[in-house]
Amino acid sequence: KNQVEQSPQSLIILEGKNCTLQCNYTVSPFSNLRWYKQDTGRGPVSLTIMTFSENTKSNGRYTATLDADTKQSSLHITASQLSDSASYICVVRLGGATNKLIFGTGTLLAVQP
Amino acid sequence: GAVVSQHPSWVICKSGTSVKIECRSLDFQATTMFWYRQFPKQSLMLMATSNEGSKATYEQGVEKDKFLINHASLTLSTLTVTSAHPEDSSFYICSARAELMTGSSYNEQFFGPGTRLTVL
């Protein structure tokens, strides 16, 4: 069964601190893996996209890693800001003709002053 | 580029009425759009795939007669919730696939901002 699991479910950190969110997936065939940020009451916004051959990708203070062998990904947020408070969703796209997206349940991050 | 809009952003309606939600790709064309539903503290659940010029493909368990989808053009898809009931209250999000774009955006799904539906 194609699944994407994220941990932790929720996380509270102080402003300025770093944090790392985890994503494990069992999806086949694999096309790519994306991290999205979803603010409350808004649609998801793409942070990074990685294909099978990419190990790391950065977007400002966000750095994603991908280990295709262990089927794990992480999203590292550096020097957190209050505006980073949101749900972070790991999404794996199926390869082949379906092109379907398999969504993780998300990690709810709260950055406190 | 690659902006997707939804209208309305929120709607409150009485039970038994129908509600139409629009999804537009503002600066690109999309032959394929997707409709998702999201309940509080849950992830997005795919309801249906909307194909321009043809019938939508619905996911298992989604009533096609209740959730009518029309993909009238390469930039517009609509979702109509017919005879809405309180259990239909949810956050509805659409996305558009950029099949016709080149470069890094090729085939990527871009999400709209969502529509909050509350049925009284």
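In what follows, chains are A, B, ... by sequence order, proteins preceding strands, each numbered from 1.
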Handout entry: A/Q38 side chain near B/L44 side chain, heavy-atom distance below 4.5 Å
Key = yes

Problem - A/R93 side chain reached by B/E108 side chain, heavy atoms, under 4.5 Å - result: no

Taking [atom1] in [X] as the centre, count heavy atoms belonging to other residues, nucleotides or ligands within less than 6.0 Å. Is the count above 12?
{"X": "B/R116", "atom1": "CZ", "result": "yes"}
{"X": "B/F39", "atom1": "CZ", "result": "yes"}
{"X": "A/K57", "atom1": "NZ", "result": "yes"}

Hey, any chance [X] and [Y] share a hydrophobic cluster, counting ILVMFWY side chains that come within less than 4.5 Å of each other, even indirectly?
{"X": "A/Y36", "Y": "A/I49", "value": "no"}
{"X": "A/F103", "Y": "B/Y58", "value": "no"}
{"X": "A/W35", "Y": "A/Y25", "value": "yes"}

Problem - Toward chain A, the part of B/F34 with a non-hydrogen atom under 4.5 Å - result: neither

Practice task
List the steps, then state whether side-chain contact (heavy atoms from CB on, under 4.5 Å) holds for A/Q9 with B/K41.
Solution key: CA-CA 10 Å; A/Q9 196 171 34; B/K41 297 186 179 181; over 6 Å; no

Practice task
Report the option among B/Q6, B/M45, B/Q42, B/E59 that has the most heavy-atom pairs separated by less than 4.5 Å from atoms of chain A.
Solution key: B/E59

Practice task
Check each of A/V91, A/V4, A/I89 against B/S43 using the side-chain contact (heavy atoms from CB on, under 4.5 Å) test, and report the only one that passes.
Solution key: A/I89

Handout entry: OG on A/S46 to CZ on B/F111, rounded to 0.5 Å
Key = 9.0 Å

